[in-house]
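Report on the following structure.
The shown structure was predicted, so the numbers you read here are calculated from the model rather than taken from an experiment. In what follows, chains carry the letters A, B, and so on, assigned in the order in which the sequence lines appear, proteins first and then strands, with residues in each chain numbered from 1. Any value given below was found using the heavy atoms of this structure, including those in side chains, with hydrogens, waters and symmetry copies removed.
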There are 2 protein chains.
Amino acid sequence: MKIGELARATDTKVETIRYYEGAGLLAPPARTDGNYRSYGTDELLRLSFIRRARDLGFSLDEVRELLALADDRDQPCGAVDAVASSHLATIERKIADLSQMRDELARVIGGCRLGKVGDCKIIQTLEPLRGASRR
Amino acid sequence: MKIGELARATDTKVETIRYYEGAGLLAPPARTDGNYRSYGTDELLRLSFIRRARDLGFSLDEVRELLALADDRDQPCGAVDAVASSHLATIERKIADLSQMRDELARVIGGCRLGKVGDCKIIQTLEPLRGASRR
DNA sequence: GCTTGACCCTATAGTTGCTAGAGGGTGCAT
DNA sequence: ATGCACCCTCTAGCAACTATAGGGTCAAGC
Ligand SMILES: [Zn+2]
Ligand SMILES: [Zn+2]
Ligand SMILES: [Zn+2]
Ligand SMILES: [Zn+2]
């Protein structure tokens, strides 16, 4: 199949597929006489793998690692688990950071009485030495 | 004060301060005879504002907007509230997305029995079609 | 008065993961 | 032969920095 078909089949943009090839996630495929990339089922499977991993938030480096690990089917899967678990920890850290941001931001916004800018709690919070609330 | 002092006072890297200047968040400051940037209290306050806004996750575009709004102290603060509220909504969307990722990833990892890669639930989840019909 | 070292300067490229464009070639139908 | 959808390579752009390279400045110590 041509790159456009592969793109439709995997819900990926054509440019992204070419980008993955340049990034070493997909091997350079066979070419037609007209120099078009020509893909088969293997590439479809590999790209599906990549897309699913990306949907789970894995970085391209992690995806590369997972792809390499997936090829050694008889090895123990501890390394796979390690990549996934450390990624999960990263996501949880991000959620924690964002939740703290959300709480603080919501608190600040809650203080706004929709008056003048000079009296706005949001602005005062951002202006440390001129306004009220310090932390 | 020189840029290094300002950097220490605001917990910002020197390069970041210069970057903010190039990005139009800080005006080009006065220079010494030796062509060193020379900052005063105004710049310290402005950079503190920027850092606090960044800590709350505002984009540089949003910070620019907030800085502009903060200057018109007699205007109503509705626009400030709008920027902050829409940013809060963005953060909440991010948290929701990441939480879904976390749940799915945790579920997948929970299925791993630490056997061989070929039997690993993590790998199988990423390889949608291979579980049934391989090659 | 000369060197050392901490600090400063500009300009440019790298990071992540794509996305968009320019400027062209291919393949098929009308 | 002409239009059109699709493909090609190469380059630049996005956010928000960060990190070099290759210099200049300034005060202290010998
Ligand atoms: Zn990760
Ligand atoms: Zn307000
Ligand atoms: Zn925002
Ligand atoms: Zn496993």
Starting at atom [atom1] of [X], determine the distance to atom [atom2] of [N], rounded to an integer number of angstrom.
| X | N | atom1 | atom2 | answer |
| --- | --- | --- | --- | --- |
| B/I17 | D/dC17 | CD1 | P | 12 Å |
| A/L6 | D/dC8 | CG | P | 11 Å |
| A/R8 | D/dC7 | CZ | C1' | 12 Å |
| A/D61 | C/dG17 | CG | C1' | 12 Å |
| A/E5 | C/dG27 | CD | C1' | 14 Å |
| B/L60 | D/dA16 | CG | P | 4 Å |
| A/E21 | C/dC18 | CD | P | 15 Å |
| B/Y19 | C/dC8 | OH | P | 21 Å |

*asked:* Contact list please: residues 25-41 of chain A against DNA chain D, heavy atoms, distance less than 4.0 Å, in numerical order.
replied: A/R31, A/N35, A/Y36, A/R37
*Please work out if B/F58 contacts a base, only the sugar-phosphate, or nothing of the nucleic acid, heavy-atom cut-off 4.0 Å.*
nothing
_Within the 4.0 Å heavy-atom criterion, would you say B/R18 contacts the bases, only the backbone, or no part of the nucleic acid?_
base
*Report yes or no: does A/R51 contribute a side-chain atom to a donor-acceptor pair with the main-chain N or O of A/D11 at less than 3.5 Å?*
yes
*Check for a donor-acceptor pair, side chain of A/H87 on one end and backbone N or O of A/E62 on the other, with a separation under 3.5 Å.*
no
_A/S59 vs B/I3, nearer the 5' end of DNA chain C by closest nucleotide_ = B/I3
*With respect to the side chain of A/E15, which nucleotide from D/dC7, D/dC17, C/dA20 is positioned closest?*
C/dA20
*Of the candidate nucleotides C/dT19, D/dC17, C/dT10, which contains the atom at the shortest distance from the side chain of B/Y20?*
D/dC17
_Salt-bridge contact B/R37-B/E21 (side-chain N to carboxylate O under 4.0 Å)_ = yes
*So which pairs with a foot in residues 3-33 of chain B pass ring pair (Phe, Tyr, Trp, His ring centres under 6.0 Å), sequence neighbours left out?*
none
Considering non-hydrogen atoms only, spot the tightest contact between [X] and [Y] and give its length.
| X | Y | value |
| --- | --- | --- |
| A/P76 | B/V117 | O-CG2, 3.8 Å |
| A/R52 | B/T125 | NH1-O, 3.0 Å |
| A/I91 | B/R102 | CG2-CB, 4.0 Å |

